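Keep in mind that the numbers below use all heavy atoms, side chains included, and drop hydrogens, waters and symmetry copies. Only a predicted model underlies this, so the values are computations on that prediction, with no experimental measurement involved.
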Amino acid sequence: MDMMGLPGTSKHITFLLLCQLGASGPGDGCCVEKTSFPEGASGSPLGPRNLSCYRVSKTDYECSWQYDGPEDNVSHVLWCCFVPLNHTHTGFSQDRCRYFSSGPARTVQFWEQDGIPVLSKVNFWVESRLGNRTMKSQEISQYLYNWTKTTPPLGHIKVSQLHGQLRMDWNVSEEAGAEVQFRRRMPTTNWTLGDCGPQGNSGSGVLGDIRGSMPESCLCPSENMAQEIQIRRRRRLSSGAPGGPWSDWSMPVCVPPEVLPQAKIKFLVEPLNQGGRRRLTMQGQSPRLAVPEGCRGRPGAQVKKHLVLVRMLSCRCQAQTSKTVPLGKKLNLSGATYDLNVLAKTRFGRSTIQKWHLPAQELTETRTLNVSVGGNMTSMQWAAQAPGTTYCLEWQPWFQHRNHTHCTLIVPEEEDPAKMVTHSWSSKPTLEQEECYRITVFASKNPKNPMLWATVLSSYYFGGNASRAGTPRHVSVRNQTGDSVSVEWTASQLSTCPGVLTQYVVRCEAEDGAWESEWLVPPTKTQVTLDGLRSRVMYKVQVRADTARLPGAWSHPQRFSFGPPGTCAHPCLHPVAALPWSSLAARASRLGSGATLRTSRRCCTREMRWWSRCPETEATGQSRPRPPLSAPWTQGGPWRLRGRGRCRHCQRPGAWAWLGRTVPVVTWPT
């Protein structure tokens with residue numbers, strides 16, 4: 001039967017049918033003679049495309065292609081035609097062809113013994129048969145031996161961060177000199193192609209110094225979103241020209257964002273209990289990352305786990321100050337100061353995604369701490385805990401940075417019969433400076449775990465001579481009512497040390513010794529009213545600041561005289577010698593009737609009125625109620641007048657003289 005005469009049957013299909021009847025040889029291949037085929041490509045948008053043939057090893061070769069169209073019941077055939085090596089030129093070309101049937105697969109592998117010449121040019125194309133329809137690819141010509149396809153990185157690809165970029169390192173078993181490309185995508189973007197450049201033993205590798213392996217590397221940008229990255233390679237000749245097709249893409253390399261989203265964890269803290277510990281609860285969920293499609297279910301881009309780093313800022317002399325726990329674990333911490341950092345563990349290590357500061361908390365109940373300082377020796381004593389307990393004693397100047405904090409670990413060698421712990425030292429720093437110290441004692445049966453400490457006591461201590469440093473200053477006396485005065489002073493330095501100042505004591509006494517009294521004032525007040533005072537009596541007042549350990553030192557005494565309503569309650573600290581009567585009278589006359597003359601700003605600021613009649617004989621000034629203005633009275637002070645003169649009819653007093661006494665005021669009656 002002449003198969004060539006069948007209608008609708010191409011010549012190469014006829015050869016294919018004949019070859020299938022007696023096909024023999026590897027790869028389901030068959031050799032035929034080429035007459036007038038191949039024909040052109042099918043021209044349809046469907047069918048095989050992007051055919052590529054290459055060497056994959058020293059003796060193995062491969063052809064691969066892509067196919068667009070229905071996948072069901074499709075079969076592919078790879079054709080390769082060439083001029084035989086023993087061909088003698090006779091004026092026309094008599095190529096021989098070989099085909100390989102791959103069924104639905106789009107890859108065909110063959111080797112030199114299949115009869116395909118690898119040192120000469122070979123033409124390749126693919127025919128795809130779907131029912132009674134045949135679709136054909138473009139024809140390519142290739143010298144197989146020199147066109148080698150490399151392999152992508154097949155092993156582990158190490159990823160690290162370097163100056164805001166991602167560095168990938170891997171090992172290959174082939175010779176160096178390949179070109180490398182990468183492609184990457186994020187959850188919201190498509191693939192982006194990038195060039196890694198030619199490789200010349202530039203990487204550090206991941207397998208170490210293994211014989212026969214070559215390191216390669218690539219840099220690509222780091223982003224604030226998760227990325228999926230793939231690598232491919234291509235052989236590069238010494239001339240710089242490509243030596244083969246691009247390899248397949250490697251398996252996805254998934255990397256997390258450069259900056260992880262911040263967590264929103266709430267920390268709930270309860271007050272310190274009787275055991276000196278407080279419960280801390282964490283609420284909230286850690287943020288989840290959006291990852292590209294190829295990284296779903298694959299490690300690398302997602303956060304491996306979330307942790308909390310608990311760092312104890314107090315008692316830094318302990319062996320270990322920090323510990324990491326899983327996020328969400330309930331903690332029981334002491335009253336010390338802590339920093340809590342929420343960590344996200346990724347392939348790049350740990351990153352902090354939230355910080356929270358837990359301030360110190362003191363015990364609500366008062367626990368006694370005995371502190372004594374002598375010379376440069378400081379001793380402290382407090383109630384002991386269970387045997388085998390380690391103590392951490394910490395002290396720092398109040399209102400200063402924690403860099404000035406001092407601490408020491410104390411392990412009692414034997415139990416004290418009095419159930420007390422005593423610690424003394426003679427080396428600096430001591431508590432001799434006149435300032436406020438915060439002293440805290442922690443205790444633990446397991447001092448190597450910073451989360452197992454408990455607060456034993458916390459107290460404040462004012463170092464140095466507290467009596468001298470705490471003496472109130474700027475004590476002042478002000479007139480308030482007819483028989484009382486107001487005493488005010490500036491706050492004691494002890495008031496800046498919480499709990500140290502217990503009270504102020506105000507003492508007032510008459511200088512004649514006939515009366516004395518004290519007033520107790522709360523430490524938050526700096527004023528008190530003294531009542532029950534008598535007129536025409538000189539008093540002195542003093543203030544002191546007391547602590548729980550000892551009374552303070554009295555302030556410098558302030559003297560004042562207390563008179564009838566309107567008199568001066570301020571002491572005249574600098575008396576001024578009296579002026580002659582004639583001078584006072586002259587000044588008063590210039591001021592007019594009823595004028596008041598003051599002799600010194602440093603004396604009283606109110607008038608002291610003393611009245612005495614002016615008889616023809618000498619008179620002594622006395623204190624008495626003011627007479628009617630019609631009576632011939634003169635106003636003066638506690639002085640004695642001597643001399644002669646007329647009172648009612650004289651234009652001015654006679655040659656009267658003042659004694660050398662303080663003259664507060666002179667007033668002419670109206």
Out of curiosity, [X] [atom1] to [Y] [atom2], how far, rounded to the nearest 0.5 Å?
X: Tyr338; Y: Arg278; atom1: OH; atom2: CZ; value: 7.0 Å
X: Ile353; Y: Leu343; atom1: CD1; atom2: CG; value: 8.0 Å
X: Arg183; Y: Ile229; atom1: CZ; atom2: CD1; value: 12.0 Å
X: Ile265; Y: Gln283; atom1: CD1; atom2: CD; value: 9.5 Å
X: Glu179; Y: Trp246; atom1: CD; atom2: CH2; value: 5.0 Å
X: Ser458; Y: Leu272; atom1: OG; atom2: CG; value: 8.0 Å

Test side chain to side chain contact (heavy atoms under 4.5 Å, CB included) applied to Asn146 and Leu237, step by step: CA-CA 10 Å; Asn146 292 328; Leu237 301 178; over 6 Å; no

Within the side chain of [X], is there an N or O that forms a donor-acceptor pair under 3.5 Å with the backbone of [Y]?
X: Glu216; Y: Gln199; value: no
X: Ser247; Y: Arg233; value: yes
X: Arg347; Y: Cys254; value: yes
X: Tyr391; Y: Gln385; value: yes
X: Arg184; Y: Gln227; value: no
X: Thr455; Y: Gly335; value: yes
X: Asp114; Y: Ile116; value: no
X: Thr408; Y: Leu393; value: no

Just do the side chain to side chain contact (heavy atoms under 4.5 Å, CB included) check on His76 and Trp65 with the steps written out, would you? CA-CA 10 Å; His76 305 286; Trp65 60 92; 3.5 Å; yes

Trace of the disulfide (SG to SG under 2.5 Å) decision for Cys407 with Cys315: CA-CA 6 Å; Cys407 78; Cys315 193; 4.7 Å; no

Is the shortest heavy-atom distance from the side chain of [X] to the side chain of [Y] under 4.5 Å?
X: Trp125; Y: Cys81; value: yes
X: Leu307; Y: Arg350; value: yes
X: Pro152; Y: Leu154; value: yes
X: Asn449; Y: Gln320; value: no
X: Phe124; Y: Ser52; value: no
X: Val108; Y: Val126; value: no
X: Lys329; Y: Val308; value: no
X: Glu228; Y: Trp191; value: yes

Are Arg438 and Glu362 close enough for a salt bridge, meaning some N to O gap below 4.0 Å? yes

Intermediate values then yes/no, side chain to side chain contact (heavy atoms under 4.5 Å, CB included), Ser286 and Val303: CA-CA 10 Å; Ser286 56; Val303 175; over 6 Å; no

For the residue pair [X] and [Y], what are the closest heavy atoms and their distance?
X: Cys392; Y: Cys317; result: SG-SG, 4.0 Å
X: Leu452; Y: Ser444; result: O-OG, 3.3 Å
X: Ile231; Y: Phe182; result: CD1-CB, 3.6 Å
X: Gln230; Y: Trp249; result: O-CZ3, 3.5 Å
X: Glu71; Y: Val74; result: O-CG1, 3.3 Å
X: Arg279; Y: Lys330; result: NH1-CD, 3.8 Å

Around atom [atom1] of [X], are there more than 12 heavy atoms from other residues, nucleotides or ligands closer than 6.0 Å?
X: Tyr145; atom1: OH; result: no
X: Lys345; atom1: NZ; result: no
X: Asn73; atom1: CG; result: no
X: His357; atom1: NE2; result: yes
X: Asn190; atom1: CG; result: no

For Arg55 and Thr148, does a side-chain donor sit closer than 3.5 Å to a side-chain acceptor?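 Looking only at side-chain atoms, Thr148 and Arg55 do form a donor-acceptor pair, the distance falling under 3.5 Å.
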
Answer with yes or no whether the side chains of Gln354 and Gln262 bring together a donor and an acceptor at under 3.5 Å. no

Distance flag, aromatic centroids of Tyr99 and Trp79, threshold under 6.0 Å: yes

Verdict with reasoning, Phe82 to Arg96, per side chain to side chain contact (heavy atoms under 4.5 Å, CB included): CA-CA 6 Å; Phe82 51 89; Arg96 293 186 61 84; 4.3 Å; yes

Going by side-chain hydrogen bond (donor to acceptor under 3.5 Å, both in side chains), Tyr54 matches just one of Arg235, Lys149, Gln142. Which one? Lys149

Identify which one of Cys63, Cys80, Cys53 satisfies the side chain to side chain contact (heavy atoms under 4.5 Å, CB included) criterion when paired with Phe110. Cys63

Report yes if the SG atoms of Cys218 and Cys196 are separated by under 2.5 Å, and no otherwise.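 Judged by the SG atoms alone, which are under 2.5 Å apart, Cys196 and Cys218 are bridged.
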
